[in-house]
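Read through the structure below, which is laid out as structure tokens, and then see the notes.
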Amino acid sequence: MYSYDEPVYLISVVAKILEIHPQTLRQYEREGLVAPGRTDGKMRLYSQRDIDKIKMILRLTRDLGVNLAGVDIILRLKDKLDDQDKEIESLHLSLEKLKANQSNKSVIKKQSSYEVILFEKY
């Protein structure tokens, strides 16, 4: 079985699966919406991830009436949101580790600046 990101499908196979013309796939590539892999002979090979992305493009264009420029913006925003979701998850894990480490140590209360000024011993 191939991985989700491994390019294995020829353009003709993808066109048949998605019921679109191969020229449409070439246009999506020219617009920078998809970037299929290439064989040594320069034949386009699509991964399952590429196919899913093309399905999303088709849904946006056919069902929602978004033009290709709009699709490009939507896909870029989606990528940014995905990156931010990963960063948030990483920060949550780091915070959980810090909380676990802090529970084993004594808690030091940080004084606010006004407490330091008003109650500082001379």
Side-chain angles (χ1 to χ4, degrees):
M1 190 72 182
Y2 297 105
S3 74
Y4 188 64
D5 292 314
E6 190 172 352
V8 293
Y9 301 101
L10 293 170
I11 190 169
S12 59
V13 174
V14 175
K16 184 175 265 190
I17 290 170
L18 299 176
E19 298 177 353
I20 57 176
H21 198 278
Q23 192 62 35
T24 304
L25 293 169
R26 291 184 192 99
Q27 180 182 6
Y28 291 168
E29 184 180 1
R30 278 192 307 274
E31 296 285 336
L33 300 176
V34 292
R38 298 281 184 153
T39 65
D40 292 336
K42 304 295 181 191
M43 291 175 55
R44 291 171 177 85
L45 291 177
Y46 293 85
S47 67
Q48 186 60 48
R49 182 179 305 278
D50 293 329
I51 292 173
D52 291 344
K53 190 173 188 179
I54 295 165
K55 285 179 182 178
M56 185 186 323
I57 293 167
L58 292 172
R59 171 143 167 55
L60 289 168
T61 55
R62 289 179 177 172
D63 299 343
L64 301 175
V66 179
N67 64 21
L68 292 182
V71 169
D72 183 45
I73 292 169
I74 290 168
L75 292 177
R76 288 175 194 263
L77 288 172
K78 181 188 175 304
D79 289 343
K80 284 184 181 183
L81 287 173
D82 290 345
D83 291 344
Q84 289 177 345
D85 284 344
K86 288 176 189 173
E87 186 175 353
I88 288 170
E89 182 60 32
S90 172
L91 291 171
H92 277 289
L93 291 173
S94 297
L95 183 60
E96 290 301 319
K97 287 179 185 177
L98 284 173
K99 284 181 180 179
N101 289 339
Q102 288 297 325
S103 66
N104 297 334
K105 298 177 182 176
S106 63
V107 178
I108 299 172
K109 182 182 175 197
K110 183 181 176 193
Q111 291 180 321
S112 66
S113 57
Y114 76 87
E115 287 178 317
V116 172
I117 294 169
L118 293 178
F119 302 109
E120 186 176 283
K121 293 183 181 179
Y122 291 102

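Residue numbers start at 1 and run along the sequence shown. For the numbers below, each heavy atom of this structure counts, side chains included, while hydrogens, waters and symmetry mates do not.
- No continuous path of ILVMFWY side-chain contacts below 4.5 Å connects Ile73 to Met56, so the two sit in separate hydrophobic clusters.
- Remark: Leu95 CG to Ser90 OG distance equals 11.0 Å, nearest 0.5 Å.
- Within the model, atoms OH of Tyr46 and CG of Asp52 stand 14.0 Å from one another, a figure rounded to the nearest 0.5 Å.
- Under the 4.0 Å criterion applied to side-chain N and carboxylate O atoms, Lys86 and Asp82 are not assigned as salt-bridge partners.
- In this structure a side-chain-to-backbone donor-acceptor pair under 3.5 Å is present from Lys53 to Leu33.
- The shortest distance between side-chain heavy atoms of Leu75 and Ile57 falls below 4.5 Å.
- When the shell of 6.0 Å around CZ of Arg49 is examined, it contains more than 12 heavy atoms from other residues, nucleotides or ligands.
- More than 12 heavy atoms of other residues, nucleotides or ligands sit less than 6.0 Å from atom CD of Gln23.
- Enclosure of atom CZ in Arg76 is not indicated, since only 12 or fewer non-hydrogen atoms of other residues, nucleotides or ligands lie within 6.0 angstrom.
- Proximity of Met43 to Leu10: side-chain heavy atoms (C-beta onward) are separated by under 4.5 Å at one or more points.
- Taking 4.5 Å as the limit, some side-chain heavy atom of Thr61 sits within range of a side-chain heavy atom of Tyr28.
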Legend entry - Residue pair Val34, Leu25: steps toward the side-chain contact (heavy atoms from CB on, under 4.5 Å) verdict: CA-CA 8 Å; Val34 292; Leu25 293 169; 5.9 Å; no
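- In the hydrophobic clustering (ILVMFWY side chains linked at under 4.5 Å, chained through shared members), Leu81 stands by itself.
- For the pair His21 and Ala15, the tightest heavy-atom approach, listed with the atom from each and the gap, is C-CB, 4.3 Å.
- When the side chains of ILVMFWY residues are joined at heavy-atom separations under 4.5 Å, either directly or via intervening members, Val8 and Leu45 end up in a single hydrophobic cluster.
- Closest heavy-atom contact between Arg44 and Pro36: CG-CG, 4.1 Å.
- A distance of 13.0 Å separates CD in Glu87 from NZ in Lys80, rounded to the nearest 0.5 Å.
- Transitive grouping of hydrophobic side chains (ILVMFWY, heavy atoms separated by less than 4.5 Å) keeps Ile54 and Leu77 in distinct clusters.
- Contact annotation: the side chain of Val14 never approaches that of Asp50 to less than 4.5 Å [non-hydrogen atoms, C-beta and beyond].
- Follow the hydrophobic side-chain contacts under 4.5 Å out from Val13 and you reach Tyr2 in the same cluster.
- In summary, Glu19 and Arg62 do not engage in a salt bridge, as defined by a charged side-chain N under 4.0 Å from a carboxylate O.
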Inset, instruction - May I have the step-by-step check of side-chain hydrogen bond (donor to acceptor under 3.5 Å, both in side chains) for Arg30 and Gln27, ending in yes or no? - result: CA-CA 5 Å; Arg30 278 192 307 274; Gln27 180 182 6; 5.1 Å; no
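- Leu58 and Leu64 fall within a single hydrophobic cluster, where Ile, Leu, Val, Met, Phe, Trp and Tyr side chains are chained together by heavy-atom contacts under 4.5 Å.
- Here Asp85 contributes atom CG and Lys78 contributes atom NZ; the two are 9.5 Å apart, rounded to the nearest 0.5 Å.
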